[in-house]
Number of protein chains: 2
Amino acid sequence: MAQKQEYLSKNQQIVLNLIEKAKGPLKAYSILYDVQKKGIKAPLQVYRALEKLIKIGKIHKIESKNAFIACNNSECEISKATAFSICNNCEHVKEIKNTKLSKYLSNFQDNSGMKYKKYNLEFFGLCKNCKLKQ
Amino acid sequence: MAQKQEYLSKNQQIVLNLIEKAKGPLKAYSILYDVQKKGIKAPLQVYRALEKLIKIGKIHKIESKNAFIACNNSECEISKATAFSICNNCEHVKEIKNTKLSKYLSNFQDNSGMKYKKYNLEFFGLCKNCKLKQ
DNA sequence: CTTAATTTGTTATAATATAACGTTTGTTAT
DNA sequence: ATAACAAACGTTATATTATAACAAATTAAG
């Protein structure tokens, strides 16, 4: 489980800190708003930091929400294998840690002859809390 | 396998025809451009048609590409269970038909107590063609 | 040190998507 | 057939998400 050492630049560190202390996924422009006090002024500065953080696996993008969340899972080495559960009611998002699932998907092969190097899975439903309230 | 009969409105039919005859996923504004000769003038007209077509399962959205593709799969009843393979090189997108996979994911449960009603899975890699060319 | 690569700051703009409004069309129940 | 309701329409304006292009500053490696 060797951790690839990555040195983050100032902007990358600022953005990562914010995302890591957030309760859920953050959107790019909300990140921008929050880091303006730290001197980051333009969307591109945020997007560039996000791009790098995704590349090194520190965060993931929730594609269906255009939002970004800290990686919470040692299984998804460098963002190659991601799975999330998303509550349709409260919008709560959680990264799924499940070895069987990740093995199943990482080894998945269909008849197309394509070898998959990466996947992203998003499950939708009602979380326990919201199920009770209905 | 009873087919739910759906009557499409004029705009919905125009947009669906275009998507169905396309070779791959189409983006909303490219759809708009293509259907202007048919009288559709504004983005919202396209987005409304897309929304309905997704709802009734005629098309799917490829979230990582913000693009729309015709449904090619009797397994994904009303868009509840979708899986795609996406080539990182040529951008070719194909809906995956695989009963085992869809059963596995539809029945997937983790320890969160959440019952999943819907999922979207996107696999990335190199398709057979692009693998050869490398 | 110096060369190359990465990151930065900045302005402008592209691409994607929705709000709000009033009108028209289609469906259902009488 | 018509009233009542729901769905779809057309239109304008605007919100949201993301990237292009360029020059300067910083950092890593030979």
Side-chain angles (χ1 to χ4, degrees), chain A residues 4-19 22 24-69 78-79 86 88 91 93 120 122, chain B residues 4-19 22 24-69 78 86 91 93 120 122:
Chain A
K4 192 172 171 189
Q5 176 68 52
E6 295 289 350
Y7 298 97
L8 297 180
S9 75
K10 185 173 125 274
N11 288 357
Q12 289 158 10
Q13 193 63 63
I14 291 169
V15 171
L16 179 59
N17 286 346
L18 184 69
I19 294 177
L26 298 179
K27 309 207 126 206
Y29 278 72
S30 115
I31 293 170
L32 175 58
Y33 179 85
D34 286 345
V35 298
Q36 294 204 322
K37 63 198 83 154
K38 307 260 184 189
I40 293 180
K41 290 175 189 156
L44 241 198
Q45 296 176 288
V46 171
Y47 279 104
R48 288 199 280 226
L50 291 171
E51 183 182 29
K52 181 67 186 295
L53 293 169
I54 288 171
K55 199 164 146 198
I56 65 178
K58 294 287 191 188
I59 66 171
H60 306 302
K61 181 172 185 181
I62 312 295
E63 294 286 356
S64 64
K65 296 194 155 321
N66 299 315
F68 303 87
I69 191 170
I78 317 295
S79 294
I86 302 171
N88 281 325
E91 310 249 296
V93 175
N120 178 56
E122 300 181 7
Chain B
K4 193 172 172 189
Q5 175 68 54
E6 296 288 350
Y7 298 97
L8 297 180
S9 74
K10 184 173 126 273
N11 288 357
Q12 289 157 10
Q13 193 63 65
I14 291 170
V15 170
L16 180 58
N17 286 346
L18 184 69
I19 295 177
L26 298 180
K27 308 208 126 206
Y29 278 72
S30 116
I31 292 170
L32 175 58
Y33 179 84
D34 286 345
V35 298
Q36 293 203 321
K37 63 198 84 155
K38 306 258 184 190
I40 293 180
K41 290 175 190 157
L44 203 42
Q45 296 175 288
V46 171
Y47 279 104
R48 286 200 280 225
L50 291 171
E51 183 183 29
K52 181 65 186 295
L53 293 169
I54 288 170
K55 199 164 146 198
I56 65 178
K58 294 287 191 188
I59 66 171
H60 305 302
K61 181 173 186 182
I62 312 296
E63 293 285 356
S64 63
K65 295 192 155 321
N66 299 314
F68 304 87
I69 192 170
I78 317 296
I86 302 171
E91 311 248 297
V93 175
N120 179 58
E122 300 181 7

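What you are looking at is a predicted structure, and each value in this text was computed from that prediction instead of being measured. Every chain is numbered from 1, with letters handed out A, B, ... down the list of sequences.
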Answer yes or no: does a side-chain N or O of [X] lie under 4.0 Å from OP1 or OP2 of [N]?
X: A:Lys52; N: C:dT8; answer: no
X: B:Lys41; N: D:dT11; answer: yes
X: B:Ser9; N: D:dA7; answer: no
X: B:Lys10; N: C:dG26; answer: no
X: B:Gln45; N: D:dG10; answer: yes

On DNA chain D, does the nearest nucleotide to B:Asn11 precede the nearest nucleotide to A:Phe68 from the 5' side, or the other way round? Give the residue.
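Nearest-nucleotide comparison on DNA chain D picks B:Asn11.
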
State the [atom1]-[atom2] distance between [X] and [Y], to the nearest 0.5 angstrom.
X: A:Gln45; Y: A:Lys10; atom1: CD; atom2: NZ; answer: 8.0 Å
X: B:Glu122; Y: A:Glu122; atom1: CD; atom2: CD; answer: 7.5 Å
X: B:Leu44; Y: B:Leu32; atom1: CG; atom2: CG; answer: 11.0 Å
X: A:Ile56; Y: A:Tyr7; atom1: CD1; atom2: OH; answer: 12.5 Å
X: A:Asp34; Y: A:Leu18; atom1: CG; atom2: CG; answer: 5.0 Å

[X] [atom1] to [N] [atom2], straight-line distance once rounded to whole Å:
X: A:Glu51; N: D:dT17; atom1: CD; atom2: P; answer: 18 Å
X: A:Ile62; N: D:dT17; atom1: CD1; atom2: P; answer: 14 Å
X: B:Ile54; N: C:dT18; atom1: CD1; atom2: C1'; answer: 14 Å
X: A:Gln36; N: C:dT10; atom1: CD; atom2: C1'; answer: 14 Å
X: A:Ile31; N: D:dA18; atom1: CD1; atom2: P; answer: 10 Å
X: B:Leu32; N: D:dC9; atom1: CG; atom2: P; answer: 14 Å

Each base of DNA chain C marked ( ) or [ ] if paired in-strand (Watson-Crick or G-U under 3.5 Å), | if paired to another strand and . if unpaired gives ||||||||||||||||||||||||||||||

Winner on side-chain proximity to A:Asn66, out of C:dA17, D:dT11, D:dT17, is D:dT17

Please work out if B:Lys61 contacts a base, only the sugar-phosphate, or nothing of the nucleic acid, heavy-atom cut-off 4.0 Å.
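Sugar-phosphate contact only - B:Lys61 comes under 4.0 Å of backbone atoms but never of a base.
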
Quick tally for nucleotides 19-29 of chain D: nucleotides whose base has a protein heavy atom under 4.0 Å get B, sugar-phosphate-only ones S, the rest -, giving BBB--------

*Identify which one of A:Asn11, A:Leu50, A:Leu53 satisfies the side-chain contact (heavy atoms from CB on, under 4.5 Å) criterion when paired with A:Leu16.*
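That would be A:Leu53; it is the only one of A:Asn11, A:Leu50, A:Leu53 passing the side-chain contact (heavy atoms from CB on, under 4.5 Å) with A:Leu16.
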
Look at atom CD of A:Glu51 and say whether more than 12 heavy atoms of other residues, nucleotides or ligands are closer to it than 6.0 Å.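 It does not: A:Glu51 CD has 12 such atoms or fewer within range.
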
| Test item: B:Ile40 and B:Ile31 side chains (from C-beta on) under 4.5 Å apart, heavy atoms |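 Contact flag for B:Ile40/B:Ile31 side chains = no.
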
Open item on the list: Does any part of the side chain of B:Asn120, heavy atoms only, come nearer than 4.5 Å to the side chain of A:Ser64, both counted from C-beta?
Closed with: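 In short, these two side chains do not touch, never coming nearer than 4.5 Å.
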
Quiz prompt | Charged N-O contact under 4.0 Å between A:Glu91 and A:Lys65 | solution = yes

**Request:** Let me know, please, whether B:Lys65 or A:Ile40 comes out on the 5' side of the other along DNA chain C by nearest nucleotide.
**Result:**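 Counting from the 5' end, the first nearest nucleotide belongs to A:Ile40.
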
